[in-house]
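Reading through the structure tokens given below for one structure.
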Amino acid sequence: MSAPELISPRSTRVAAARRLAKRNFRGKERLFLAEGPQAVREAAGHRTGGEPTLVELFATLDAAERYADIIGAARDAGARIHLADEAVIADISTTVTPQGLVGVCRFLDTPFAAVVKARPRLVAVLANVRDPGNAGTVLRCADAAGADAVVLTDASVDLYNPKAVRASVGSHFHLPVAVGVPVEEAVRSLRDAGVRVLAADGAGEDDLDAELDAGTMGGPTAWIFGNEAWGLPEETRALADAVVRVPIHGKAESLNLATAAAVCLYASARAQRAGGAR
């Protein structure tokens, strides 16, 4: 270990990490917390702007022994490693049951211009999504579906909210995410890049099954997903090339945001793999 002695709870390093639970401190330092073995493992292997993303790691002795491979990867990445007792980890962590590893990471969001320049084929746009758990889960769904990027509009939740980071289960480190983009700019730029923009809405005029049957889903596509409680406002719906609903074949009143996002993104991913654009 690079730090054989337990770090003091009164250490300035502990205090600095603890402050990252608050958004204003995250923004000032451009650092955020990644908790648990999966997120820390992904962070240790990631680079931001040519530099290692993981800059610091706090670990209990038990976690350091259990996840020796992660400790080794963190050391190889040049991260400062601190042994900490469970009380210190609990003080830094934002979870009820910490898993013994808390990493301090550099911000890793991607400029929106770079997302567009890469000519993406599948993008998730989160418009006014306020719940961090939902945002992180949609990011995870986008990652799993093979999306090229995620865009969080300027009215959406903080990408680095601890709940969003936990809900993504490491997907923060897998694909480009642009933040703070006005929805009008996102739609205009993506459309200029040849991307068809679809708004997901339970009251949409078009049916997802019908879109798939018609073979219109195989081209580059961006899905706009709205607020958990009130969906997409009319002015956002009007920006899209089509407003599409996920069909409800049973008696459920609706689907939650993350489930609907998973259905839509996978529908596009399957159509694109099949080369079904007409």
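Just so it is clear, the values below take in all heavy atoms, side chains as well, and ignore hydrogens, waters and symmetry mates. Model, not experiment: these values are computed from the prediction.
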If you group Ile, Leu, Val, Met, Phe, Trp and Tyr by side-chain heavy-atom gaps below 4.5 Å, do Val138 and Leu122 land in one group?
yes

Please report, to 0.1 Å, the donor-acceptor pairs under 3.5 Å made by any side chain of residues 259-267, with sequence neighbours excluded.
| residue | atom | partner | partner atom | Å |
| --- | --- | --- | --- | --- |
| Thr259 | OG1 | Asn256 | OD1 | 2.7 |
| Tyr266 | OH | Ala144 | O | 3.3 |

Heavy-atom closest pair (Ala59 atom, Ile89 atom, distance to 0.1 Å) is N-CD1, 4.1 Å

Flag side-chain contact, heavy atom, 4.5 Å: Leu33 against Pro162:
no

I would like to know whether Asp207 and Arg245 meet side-chain contact (heavy atoms from CB on, under 4.5 Å); could you show each step before the answer?
CA-CA 5 Å; Asp207 181 279; Arg245 67 181 182 276; 3.8 Å; yes

Once salt bridge (Lys or Arg N to Asp or Glu O under 4.0 Å) is applied, what residue pairs with a partner in residues 171-192 remain, sequence neighbours excluded?
Arg191-Asp241

Euclidean distance, Leu175 CG relative to Leu139 CG, rounded to 0.5 Å:
5.5 Å

Separation of Leu54 CG from Thr48 OG1 (nearest 0.5 Å):
10.0 Å

Does CZ belonging to Arg140 count more than 12 external heavy atoms closer than 6.0 Å?
no

If we only count heavy atoms from C-beta on, is the Pro247 to Leu208 side-chain gap below 4.5 Å?
yes

Co-membership, hydrophobic cluster, residues Val177 and Leu190, 4.5 Å side-chain:
no

For the CD1 atom of Ile92 and the CZ atom of Phe58, what is their distance to the nearest 0.5 Å?
4.5 Å

Check the hydrophobic clustering (I, L, V, M, F, W, Y; side-chain heavy atoms under 4.5 Å; chains of links allowed) and say if Leu108 and Val115 are grouped together.
no

Report whether Val183 and Val116 are members of the same hydrophobic cluster (ILVMFWY, side-chain heavy atoms less than 4.5 Å apart, transitive linking).
yes

Indicate the atoms forming the closest heavy-atom contact of Arg26 with Asn161, along with that distance.
NH2-CA, 3.7 Å

Hey, could you give me each pair passing side-chain hydrogen bond (donor to acceptor under 3.5 Å, both in side chains) that has a residue in residues 101-128? Not counting sequence neighbours.
Asp109-Tyr160

If hydrophobic clusters are built by linking Ile, Leu, Val, Met, Phe, Trp and Tyr wherever their side-chain heavy atoms come under 4.5 Å apart, do Val150 and Val181 end up in the same one?
no

Within this structure, what is the CG-CG distance for the pair Leu126 and Leu257, rounded to the nearest 0.5 Å?
6.5 Å

Test side chain to side chain donor-acceptor pair (under 3.5 Å) applied to Glu51 - qualifying residues, sequence neighbours left out:
none

Pair Leu61, Glu65 - check side-chain contact (heavy atoms from CB on, under 4.5 Å), show working.
CA-CA 6 Å; Leu61 179 58; Glu65 293 174 346; 3.8 Å; yes

Any side-chain heavy-atom pair from Leu198 and Met217 closer than 4.5 angstrom?
yes

The ring pair (Phe, Tyr, Trp, His ring centres under 6.0 Å) partners of Phe25 (sequence neighbours excluded) come to none

For residues 9-16, run the donor-acceptor check on the side chains, cut-off 3.5 Å, and write out each pair with its distance to 0.1 Å, sequence neighbours left out.
| residue | atom | partner | partner atom | Å |
| --- | --- | --- | --- | --- |
| Ser11 | OG | Arg13 | N | 3.0 |
| Arg13 | NE | Glu56 | OE2 | 2.9 |
| Arg13 | NH2 | Glu56 | OE1 | 2.8 |

